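Predicted, not measured: the structure shown is a model, and the values here were computed from it.
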Amino acid sequence: MDTIGNSAILPSGGNQSYSSRLRSIDFLRGLALILMVLDHVRTLFCPTEFDPTDLSHASISLFLTRFITHFCAPAFIFLAGISAYLYGLKRTRQQLSVFLFSRGVWLILIEVTVVSFAWKFNFDKFVIIQVIFILGFSMILLSAFIWLSRLFLLTCALVAFFGHNLMDTYAAPDGFFKIIFHILHVQGDIYIGSWAVRVFYPIIPWFGMIFLGYYLAPWFLLPIKLRIKRFFILGLISLVCFCVLRWFNIYGDANHFTIKGNDLAYSILSFLNVTKYPPSLLFIMFTLGVFFIVLAAVEKWQPKNNGVILCFGKVSLFFYLVHLYLIHIFASIYSRLILNSPGGWWLHFPTSNTDEKWPANYSPNLLLVYVVWLWLIIIIYPLCSAYQKYKSTHNYRWLSYI
């Protein structure tokens, strides 16, 4: 993610000024990274046989632990669009296009190799497609679409946001077209020859978020009070539209809101329980709506240049890669020493028709998740700080890729 972040696009080190708008972008990216770590720790240290947002099984604490991390991916991809526009201000459109294409290809390669290995710790023919892949693919699309008008980009984003739920009930015929449709709009496993691909992030409508970020990026060139006002109003409009559509179950999410008698907690969680894979219209409205309001608040607050969260945002791809390997290493140690298991079991869903079994003495423990999460943040910070200082004082070309 650093390859599309400000530390690679708009360097903050050396003699270059580090403007308030860049601090806001890096701060929000760093905050999203911290929340992302919580979700990944939960995945490896506290897996469950049910979806953590399944209200028929999940506790309130488990649901909220998962729910608050919904904001990470939209933030990453939207901010990538903003960063791309700001990067192109002092470059030709061709230079920007080449940059976006090359970085997009690089991110896809990172996803199917280094990142995929970090989850598995083996070289089997099993590839995991997640947020880094979709970032890369979205950048490649943007590299082509920047040659068109920004209004056209906005139109494409809105069509993807508002129209993709019409495909929710479509069943593609078997064969090559089903594989393509699966990658575009369906979460799950697909098989290409002897390779298995687990698609967590279908392409549609994620790419629309980078298009939207690119379209709204000129707001960062406005006086700070005006852009704060615009982002706040946009966020408020998005949340109002979400509430109306959600309350009446009109359109935008196959997982409808329900009221359960006098159970207020269940009813509230049901209202918030929107679909992430692929992100429904209501998911997009809610997450981006909240994000825009938080962005306005951060712009008004103006984070300090030497904060921990800001440091993470400046070296986001480095942070991402390091945290994945640390989590897997810690989970493996925990599995071997406490659960007497060789590890890796957390990637499998044990069912009656599979040989995969979870450790007999395992039970979900959210307290452990939060303890490990906190320790990981403490451990990662000095690594990121050292890398940030190194990057700000060296101009090696390879540093722009990590």
Side-chain angles (χ1 to χ4, degrees), residues 1-2 32-52 58 61-62 65-66 68-69 72-73 107 109-133 188-189 195-201 312 315-351 354-387 402:
M1 286 174 286
D2 187 46
L33 285 167
I34 291 175
L35 290 177
M36 176 199 63
V37 175
L38 175 61
D39 189 48
H40 292 169
V41 171
R42 178 197 57 80
T43 300
L44 270 65
F45 280 84
C46 187
T48 55
E49 297 186 19
F50 52 86
D51 190 302
S61 57
L62 179 60
T65 299
R66 173 58 176 143
I68 60 175
T69 65
C72 301
L107 288 176
L109 290 175
I110 286 289
E111 177 72 272
V112 300
T113 55
V114 179
V115 175
S116 191
F117 179 80
W119 285 104
K120 305 176 300 173
F121 273 16
N122 62 57
F123 292 101
D124 59 2
K125 294 183 178 181
F126 176 62
V127 176
I128 301 174
I129 292 179
Q130 297 192 91
V131 68
I132 297 297
F133 178 94
D189 294 346
W195 286 82
V197 180
R198 177 158 295 173
V199 180
F200 281 99
Y201 283 75
F312 292 155
V315 293
S316 48
L317 183 58
F318 177 84
F319 179 105
Y320 187 87
L321 297 177
V322 169
H323 101 276
L324 281 181
Y325 281 85
L326 286 179
I327 288 176
H328 197 140
I329 291 172
F330 289 172
S332 296
I333 294 173
Y334 169 75
S335 186
R336 289 180 181 275
L337 296 183
I338 306 300
L339 303 179
N340 297 316
S341 171
W345 52 273
W346 47 75
L347 293 179
H348 304 281
F349 189 89
T351 59
T354 181
D355 294 332
E356 297 293 344
K357 302 296 181 182
W358 286 1
N361 58 340
Y362 165 76
S363 61
N365 186 342
L366 270 183
L367 177 60
L368 175 64
V369 169
Y370 281 90
V371 170
V372 174
W373 175 49
L374 178 61
W375 275 108
L376 272 170
I377 298 301
I378 294 174
I379 292 171
I380 291 174
Y381 174 65
L383 300 176
C384 290
S385 179
Y387 181 70
I402 300 177

Are [X] and [Y] close enough that some pair of their side-chain heavy atoms sits under 4.5 Å apart?
X    : Y    : value
L321 : V115 : yes
F330 : I379 : yes
V131 : F200 : no
V114 : Y325 : yes
L383 : F318 : yes
I380 : L326 : yes

Within the side chain of [X], is there an N or O that forms a donor-acceptor pair under 3.5 Å with the backbone of [Y]?
X    : Y    : answer
K120 : F126 : yes
S385 : Y381 : no
N361 : I338 : yes
W373 : I34  : yes
E111 : I132 : yes

Is the distance between the ring centroids of Y201 and F133 under 6.0 Å?
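Judged by ring-centre distance (under 6.0 Å), F133 and Y201 do not meet the cut-off.
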
side-chain contact (heavy atoms from CB on, under 4.5 Å), that's the test. Do V41 and L376 meet it? Break it down for me.
CA-CA 9 Å; V41 171; L376 272 170; 3.5 Å; yes

Which atoms form the tightest heavy-atom contact between [X] and [Y], and what is the distance?
X    : Y    : result
W195 : D124 : CZ3-O, 4.2 Å
D51  : A58  : O-CB, 4.4 Å
I378 : P382 : O-CD, 3.0 Å
S341 : P359 : CB-CG, 3.6 Å
V369 : C46  : CG2-CB, 3.4 Å
L367 : N365 : N-OD1, 3.1 Å

Of L368, L62, T69, which is the lone residue that meets side chain to side chain contact (heavy atoms under 4.5 Å, CB included) with R42?
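Of all the options given, the one that passes is L62.
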
Decide whether S335 and Y362 meet the rule of one side-chain donor and one side-chain acceptor closer than 3.5 Å.
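No, Y362 and S335 have no side-chain donor paired with an acceptor closer than 3.5 Å.
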
How long is the span from the [atom1] atom in [X] to the [atom2] atom in [Y], to the nearest 0.5 Å?
X    : Y    : atom1 : atom2 : result
D39  : R66  : CG    : CZ    : 4.0 Å
H328 : W119 : NE2   : CH2   : 9.5 Å
R198 : I128 : CZ    : CD1   : 7.0 Å
I377 : C384 : CD1   : SG    : 8.5 Å
L38  : T65  : CG    : OG1   : 6.0 Å
L33  : S316 : CG    : OG    : 6.0 Å

In terms of ring plane angle, is the pair H323 and H40 parallel, tilted or perpendicular, where the classes change at 30° and 60°?
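Ring orientation of H323 relative to H40: parallel.
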
What's the verdict on side-chain contact (heavy atoms from CB on, under 4.5 Å) for V372 and Y334, showing C-alpha distance, side-chain angles and the deciding distance?
CA-CA 11 Å; V372 174; Y334 169 75; over 6 Å; no

Evaluation steps, side-chain contact (heavy atoms from CB on, under 4.5 Å), between L317 and F319:
CA-CA 5 Å; L317 183 58; F319 179 105; over 6 Å; no

Using the rule given for side-chain contact (heavy atoms from CB on, under 4.5 Å), can you reason through V322 versus Y387, listing the C-alpha separation, both sets of side-chain angles and the distance that settles it, and then say yes or no?
CA-CA 11 Å; V322 169; Y387 181 70; over 6 Å; no

